[in-house]
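The structure appears below as structure tokens.
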Amino acid sequence: MAIATEPGRRRRSLVVGAVLITATVGALAMLVAAFVMMARHPDTGTQAAPPSAPVPTATTTPTTSALTAAMWDWELRAGDHFKESARALQHVSEAVDRGDDAGVRAGCQQLHDTNAVGLQADLPTPDPVLTAELQRMIDDVNVATHACLRFTDTRHADDATTYQIYLARAMDHLATAKRILNEDLGKG
């Protein structure tokens, strides 16, 4: 009898997990895309040139312009991680739609590696407040992706819920980071 009910239980938990993952992935993908586009020139979509910083003299101290220039340099170096995150989230979403467990797992692994390995390596930013917010995002993405990986193995609804909660928290941190970066880039 337990054998007959197990497939039904697995199917139900897969559906619950798929709904949770798809809803959260769609929202985060839009936010990541907005983050990626924030340093693009609004008219052409091309990378805008960083504003030129004044040349410091013996009597000047670092200014907002110096921070802005440093932030442009950081964004040029680290910006690809946000594009890779968006691709990983798209991969997860498409795999969920296809019912492709291996694809979901691969997308979650890619999301983990892009953030907990790649973006982590590009911290700190020139702005400690932005660094702290991005670190919170990375930590939450790390918890979410590990829950996603466990879910693909076990189908425990708790893992799908953990994934959703921590991915939503990561979205909140990413939104705050976007606001901070815009301010640092002189777009605030």
| message | Taking the side chain as everything from C-beta on, heavy atoms only, tell me whether Lys83 gets closer than 4.5 Å to Asp80. | response | yes
(request) Please examine the side chains of Ile138 and Leu119, heavy atoms only from C-beta on, and report whether any two atoms are closer than 4.5 Å. (result) yes
Rounded to the nearest 0.5 Å, the OG1 atom of Thr145 sits from the CZ atom of Arg105 at a distance of 10.5 Å
Nearest heavy-atom contact between Cys108 and Tyr163 is SG-CE1, 4.4 Å
(request) Could you tell me whether the side chain of Phe82 reaches within less than 4.5 Å of the side chain of Leu174, counting heavy atoms only? (result) yes
**Q.** 4.5 Å side-chain heavy-atom contact, Asp113 and Gln109
**A.** yes
Here the gap from Glu183 atom CD to Lys178 atom NZ, rounded to the nearest 0.5 Å, amounts to 11.0 Å
Nearest heavy-atom approach of Glu84 to Gln110 is O-NE2, 4.1 Å
The reported gap from OG1 in Thr68 to CG in Leu185 (rounded to nearest 0.5 angstrom) is 7.0 Å
Counting C-beta onward and ignoring hydrogens, is there a side-chain heavy-atom pair between Arg87 and Thr114 closer than 4.5 Å? no
For Pro126 and Ala70 the tightest heavy-atom approach is CG-O, 3.5 Å
Next on the checklist: Could you check whether any side-chain N or O of Thr152 sits under 3.5 Å from a backbone N or O of Leu149, counting only pairs where one atom can act as donor and the other as acceptor?
Outcome noted: yes
dist Lys187:NZ -> Arg179:CZ (nearest 0.5 Å) comes out at 15.5 Å
Distance col, row Gln135:CD vs Leu123:CG, nearest 0.5 angstrom, shows 6.0 Å
- [ ] Report yes if the side chains of His112 and Asn142 come closer than 4.5 Å at any heavy-atom pair, otherwise no.
- [x] yes
Taken in chain and number order and not counting sequence neighbours, the residues that satisfy salt bridge (charged side-chain N to carboxylate O under 4.0 Å, His left out) with Asp122 are Arg77
Heavy atoms of Asp127 and Met71 approach each other most closely as N-SD, 3.9 Å
Closest non-hydrogen contact found for Gly107 with Ala88 is O-CB, 3.8 Å
On a heavy-atom basis, the closest approach of Ala106 and His91 is CB-NE2, 4.0 Å
If we ignore hydrogens and angles and just use 3.5 Å, is the side chain of Thr131 paired with the main-chain N or O of Thr125 as donor and acceptor? yes
Heavy atoms, side chains only, cut-off 4.5 Å: are Asn115 and Leu111 in contact?
yes
Next on the checklist: According to a hydrophobic-cluster definition based on side-chain heavy atoms being under 4.5 Å apart (Ile, Leu, Val, Met, Phe, Trp, Tyr only), do Trp74 and Val117 belong together?
Outcome noted: no
So OG1 of Thr162 and CG of Leu167: to nearest 0.5 Å the spacing works out to 12.0 Å
